[in-house]
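One structure is given below, encoded as structure tokens.
Counting starts at 1 for both ligands and their atoms, following the listed order.
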Amino acid sequence: MQQKMFVSADDIRSAFSAAMSEMYRKEVPAYGELLSLVAEVNRAMLEHDPQLRSRLERSDSLDRISEERHGAIRLGTAEELAMMRRVFAVMGMYPVGYYDLSTAGVPVHSTAFRPIDEAALNRNPFRVFTSLLRLDLLADEALREEARQTLAARDIFTPTTRRLVETAERDGGLDESDAALFVAEVLETFRWHDRARVDADLYRRLHDAHRLVADVVSFNGPHINHLTPRTLDIDAVQRGMPARGIAPKAFVEGPPTRQCPILLRQTSFKALEEDISFRGSDGTWTTGSHTARFGEVEQRGIALTPKGRSLYDRLLEETRKHIRPTADGSNAAAYVDALAGAFAAFPDEWAAIRKERLGYFSYSLAGDGKNASQQAVAAGDINQLVEAGVLQFDPIVYEDFLPVSAAGIFRSNLGDDEAQHFAESPNQKLFEQQLGARVIDSFEQYAGIEQASIDACLAALAKCVTA
Ligand code: OOG
Ligand code: NI
């Protein structure tokens, strides 16, 4: 009975992502320009590629193609992270994956809160890359303590958000008016604050330790620092940015341009320098500036199996052993060439990717299944059924992130100074303690989606063959 009154988590997530988009477009005009470029590129792509169009029609809703796929925030304390997990759960978003960015000179570790089942992803795949600052990596003990105290004194959630999370957990959902209120209240946590909660002197010291530390510690909340729509042709977006007065980062992160897109490719425009003010000891405000907010674009390809992923990691590492992209972007063209060269070793046909078990696929019946070999169905021989034209396969989209790419996105938006070095110290156990839950293994998720499609096909075929 009561169940009926609840708004679904998917609907709350959709409403939240739409509200965020509207807020961000108002606050960061260059982002609105980027959205319009992405829509234009996607339109052109769909006109020229009817096959892609029908595949997307089958698996995705075409009209939502250019909508935001992710955003990112950076949190300061374990309590904030644990509470954020409960907030996202109300929207059907769960922590998937662990990303250690200390190796790349960024003192955070992260997860991505996202919908996990196929239906929820199709309804609205919005996700938030969520990082937690690692003060333990800062060398200056006194500054570390000052930062810790500053963070401990803030509450990034409104009292109503806290109350509604409790309501949702107790009752199993939110009714319509509470859901609308929840979206509005959670939005407050993601809003930009142009008044810092620290004075100019502390800001400067935090900033000198690492720009990211200043960004996390100095404000009343973890302002959303970017939103990211999905494009069908990221190279066209990268080329199109300057003509619209947007300055892109020097190169596209992730794999090179390919026939069969794998994993995730990303590019962004540089963070804006924005006016903020600092509170003086006499209560007056002085002006300063802060760079944090930017816009990003992503193109998603197939989710790779552990075997495919280690091939990806190896080829990326090989490339970077020879040429490391510099902070000023001066060797970007050479880097892109070297990357394309190295990735010649990664099969670029769906059939080969499937045969070599490099990626995950979703299977469906190609026809009515009547000509299927009974033996192959009984044995679950997928390869035979594919070769006989009984089954067709579509790539399963990668829904997660890539640590090397994420570090590149962080860095290009924290200013072009050379990367700082931190001791490499992945600590998933600590992160999970801070989060108050285990992170979900993404390989298991993709394997489960693939297996479910196989099971459904075999069950349908068993019926046709015996009928
Ligand atoms: C997050 C950067 C990582 C991505 O798309 O890889 C990211 C941040 O700058 O806070 O969003
Ligand atoms: Ni991003």
Centroid separation His290 to Phe219 less than 6.0 Å: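 So the answer is yes for these two rings.
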Tyr360-Tyr398 aromatic ring centre distance below 6.0 Å: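 Ring centroids of Tyr360 and Tyr398 are no less than 6.0 Å from each other.
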Donor-acceptor side-chain pairing of Glu296 and Thr228 below 3.5 angstrom: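 Note: Glu296 and Thr228 side chains meet the donor-acceptor criterion.
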Side-chain H-bond candidate by donor/acceptor type, Thr287 with Asp275, under 3.5 Å: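 Short answer, no.
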His226, N/O/S atom nearest the Ni ion (ligand 2):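 Going by distance to the Ni ion (ligand 2), the closest N, O or S atom in His226 is NE2.
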Closest approach to the Ni ion (ligand 2) by Glu296, given as the N, O or S atom name: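 Going by distance to the Ni ion (ligand 2), the closest N, O or S atom in Glu296 is OE1.
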Just which atoms of ligand 1 are under 4.0 Å from any heavy atom in [X]?
X      : value
Phe401 : 4 (C), 5 (O), 6 (O)
Phe129 : 1 (C), 3 (C)
Gln266 : 4 (C), 5 (O), 6 (O)

Shortest protein contact, atom 3 (C) of ligand 1 (heavy atom only):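 For this ligand atom, the closest protein heavy atom is Ala406 CB, 3.7 Å.
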Atom 10 (O) of ligand 1: the protein heavy-atom neighbour that sits closest, reported with distance to 0.1 Å: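 For atom 10 (O) of ligand 1, the nearest protein heavy atom comes out as Arg74 NE, 2.8 Å.
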contact_flag His226 ligand 1 heavy-atom lt 4.0 Å: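 It does, in that a heavy atom of His226 comes within the 4.0 Å cut-off of ligand 1.
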Residue part near ligand 1, for Asn225, under 4.0 Å between non-hydrogen atoms: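 Side chain only.
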Electrostatic pair Glu22:Arg25 at N-O distance under 4.0 angstrom: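 Result for this pair is no, no salt bridge flagged.
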Under-4.0 Å salt bridge between Arg154 and Glu80: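 Salt bridge: yes.
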Polar proximity ligand 1 side, His70 side, N/O cut 3.5 Å exclusive: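 There is such a contact, yes.
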Closest non-hydrogen atom pair between Pro107 and Leu137, with its separation: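 The pair with the smallest heavy-atom distance is CA-CD1, 4.0 Å.
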